[in-house]
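Read through the structure below, which is laid out as structure tokens, and then see the notes.
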Amino acid sequence: MIKKFAFALLALFFLPLTLATPAHASLKIDITRGHAQPLPIAIVDFLGKNRTERSSGQQVAEVISNNLSNSGLFAPIDQESFIQTADSLLVQPRFGDWRIINTQALVYGKVEMQEDGRLRVEFRLWDVFAEQQLVGQAFYTEPDNWRRIAHVISDKIYERLTGEDGYFDSRLVYIAESGNARRRVKRLAIMDQDGANHRYLTDGNTLVLTPRFSPTAQKITYMAYYSNRPRVYILDIDTGREEVLGDFPGMTFAPRFSPDGKSVIMSLSHDGNADIYLMNLETRRIRQLTTNSAIDTSPSMSPDGKRIVFSSDRGGSPQLYTMDVDGSNLRRVSFGNGRYNTPVWSPRGDMIAFTRQLGGTFYIGVMRTDGSGERLLTESYLDEGPTWSPNGRVISFFRQERMSRYGDGKTRLFTVDLTGYNLREMQTPNDASDPAWSPLLPIEQR
Amino acid sequence: MRLRILPVIALLFLVTACGTGTGTGSKYSTGAPGTLGERFGSVVVGSQRDLAVNVGDRVFFDTDQWSLKSEARDVLKRQAVFLKRHDSLTVTIEGHADERGTREYNLALGERRANTAKDYLVSQGVSANRINTISYGKERPAVLGSNPAAWAQNRRSVTVIN
């Protein structure tokens with residue numbers, strides 16, 4: 001049933017180049033403003049000694065350029081307009097040549113196959129106006145793993161120029177959809193944040209829904225209808241092993257890992273009434289956190305592991321509530337008209353993303369954790385299921401178009417910046433829903 | 001196989017209703033028995049088709065609601081009679097929601113609807129251990145389309161003979 005898909009284990013080695021980074025570099029993107037002007041950045045194809053290396057170098061530059069461009073914060077400059085050649089860059093950038101084409105940041109590097117079979121990729125980031133090198137690093141990995149290096153370099157550039165953590169070296173797990181809407185085939189699928197390395201994890205014979213990553217990105221908890229018993233499962237991506245979580249008479253659904261990965265929080269339906277439960281994965285003990293006769297579902301824990309946000313229709317229509325992890329200190333946090341659902345605590349801890357339904361429209365929105373400062377970021381016939389990028393800067397969700405009576409109508413993944421700008425459709429092979437963003441992938445530092 | 005039959009029947013109800021122009025919701029939406037049975041020719045007594053055509057295999061709910069309307073109670077009363085007559089049968093009640101809600105909330109809602117229907121059958125004298133429930137949320141619409149008529153047909157519980 002489950003297809004085995006091990007992560008290519010990454011032994012990524014840092015080799016900081018000896019460079020004095022100035023304490024107060026002038027070049028920085030202010031991303032606290034609503035809509036920052038994208039920073040013009042030149043990304044030169046990475047050099048190589050032979051055709052294979054040069055081809056890799058070109059691909060690395062392409063991936064970096066694509067990442068930075070998709071963030072909406074950078075405007076990669078057309079390589080056609082470059083004046084200085086890549087070869088001469090390795091000696092010294094001629095900053096005048098870059099300023100004249102309005103470059104503010106310059107990225108170049110080189111790719112080398114090592115004698116031990118590993119790939120070495122080195123990059124440098126320059127502030128063109130201050131004529132200063134901002135970052136210079138080298139990474140080693142298996143040649144197959146070159147994309148991850150490109151993502152890590154993208155993150156380094158992003159971090160250096162925005163002052164915030166990056167998010168490019170991450171993955172998404174989602175539900176790939178196909179076939180007739182009356183009997184939709186749904187498969188668990190995983191891909192890099194940029195859509196590359198796409199794989200299916202299940203074969204589509206069983207209905208699967210709402211996958212979410214563990215904090216190490218090695219496990220996925222999701223809901224599946226094996227043997228027509230809708231229950232919560234955990235899949236270990238490395239081993240392909242999956243297990244049902246607990247043996248309950250009723251449906252279990254809406255699972256998420258706790259931030260420490262030691263528990264899963266979910267809904268359990270007993271005699272038709274859904275309440276929220278926390279299961280300790282080690283002891284398998286389960287604790288009931290809500291006892292309300294209303295529908296309590298979609299729990300999500302704060303990154304410090306102290307609070308839980310969930311949706312409940314105890315007030316008449318679904319609204320958002322927070323409580324301590326033991327179920328105490330209940331507090332309603334949403335008060336707007338319509339229905340609030342699928343709350344997700346941001347990885348920074350300061351915001352909650354949610355789906356709001358008002359009239360005939362669905363919105364993805366964010367609010368502070370006390371419910372103040374609500375902002376709606378997107379709207380359509382059906383926007384649902386926000387998930388945060390690892391740095392809390394970007395939100396992915398799915399958008400379902402209106403369905404004709406023949407069942408036509410696309411369902412696709414989108415991303416939008418926390419500011420509400422830069423709405424983009426993610427590329428997936430088929431229809432797609434229920435995205436869940438992984439944390440940044442682990443990097444071994446030497 | 002049995003699951004595949006259901007949408008076909010639902011469609012036939014719809015087509016018939018539209019064709020004869022009697023068609024706003026409640027007339028056919030309760031799956032009321034009528035002359036439809038004859039159109040199917042012979043129906044095996046105690047079969048899913050018998051249930052669907054001559055009894056009504058499904059009941060419908062208002063938006064975000066799981067309480068039974070009077071038409072729904074009528075259908076379930078007939079189902080109870082049917083199940084007592086065919087007392088070797090066990091059934092699964094599927095709870096469904098329309099697409100105008102989030103996936104997880106709709107799973108909970110479908111579960112509610114299935115259990116409400118089950119509770120009513122039990123109150124009518126059907127043994128609880130003959131009845132399973134399962135929620136499909138918005139995953140298995142009976143009628144395609146993003147319009148109020150389709151949504152109304154999809155907010156349902158369906159009694160399926162095991």
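None of these values were measured; they are calculated from a predicted model.
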A/Ile295 side chain reached by B/Glu111 side chain, heavy atoms, under 4.5 Å: no
Going by atom types alone, do B/Thr102 and A/Glu384 pair a side-chain donor with an acceptor below 3.5 Å? no
For the residue pair B/Asn147 / A/Arg402, report whether a side-chain donor-acceptor contact shorter than 3.5 Å exists. no
Which atoms of A/Asn180 are under 4.5 Å from chain B, going by heavy atoms: the side chain, the backbone, both sets, or neither? side chain
Of A/Leu209, A/Thr342, A/Thr297, which meets side chain to side chain contact (heavy atoms under 4.5 Å, CB included) against B/Arg103? A/Leu209
Does a sphere of radius 6.0 Å around CG in B/Asp87 hold more than 12 heavy atoms from other residues, nucleotides or ligands, not counting ones at 6.0 Å or beyond? yes
Turns out that what part of B/Ile134 lies under 4.5 Å from chain A's heavy atoms comes down to side chain
A/Phe362 ring centre to B/Arg100 NZ or CZ under 6.0 Å, with the angle to the axis within 45°? no
Select one option (side chain, backbone, both, neither) describing which atoms of B/Thr133 are under 4.5 Å from chain A's heavy atoms. neither
Would you kindly say whether A/Tyr381 and B/Ser146 are connected by a side-chain donor-acceptor distance under 3.5 Å? yes
Begin from the C-alpha positions of B/Glu139 and A/Arg184 and carry the test side-chain contact (heavy atoms from CB on, under 4.5 Å) through to its verdict. CA-CA 7 Å; B/Glu139 306 306 313; A/Arg184 203 78 160 134; 5.9 Å; no
Measure A/Thr361 against the heavy atoms of chain B and call it side chain, backbone, both or neither at under 4.5 Å. backbone
Residue part contacting chain A, namely of B/Ala150, when any heavy atom lies under 4.5 Å: neither
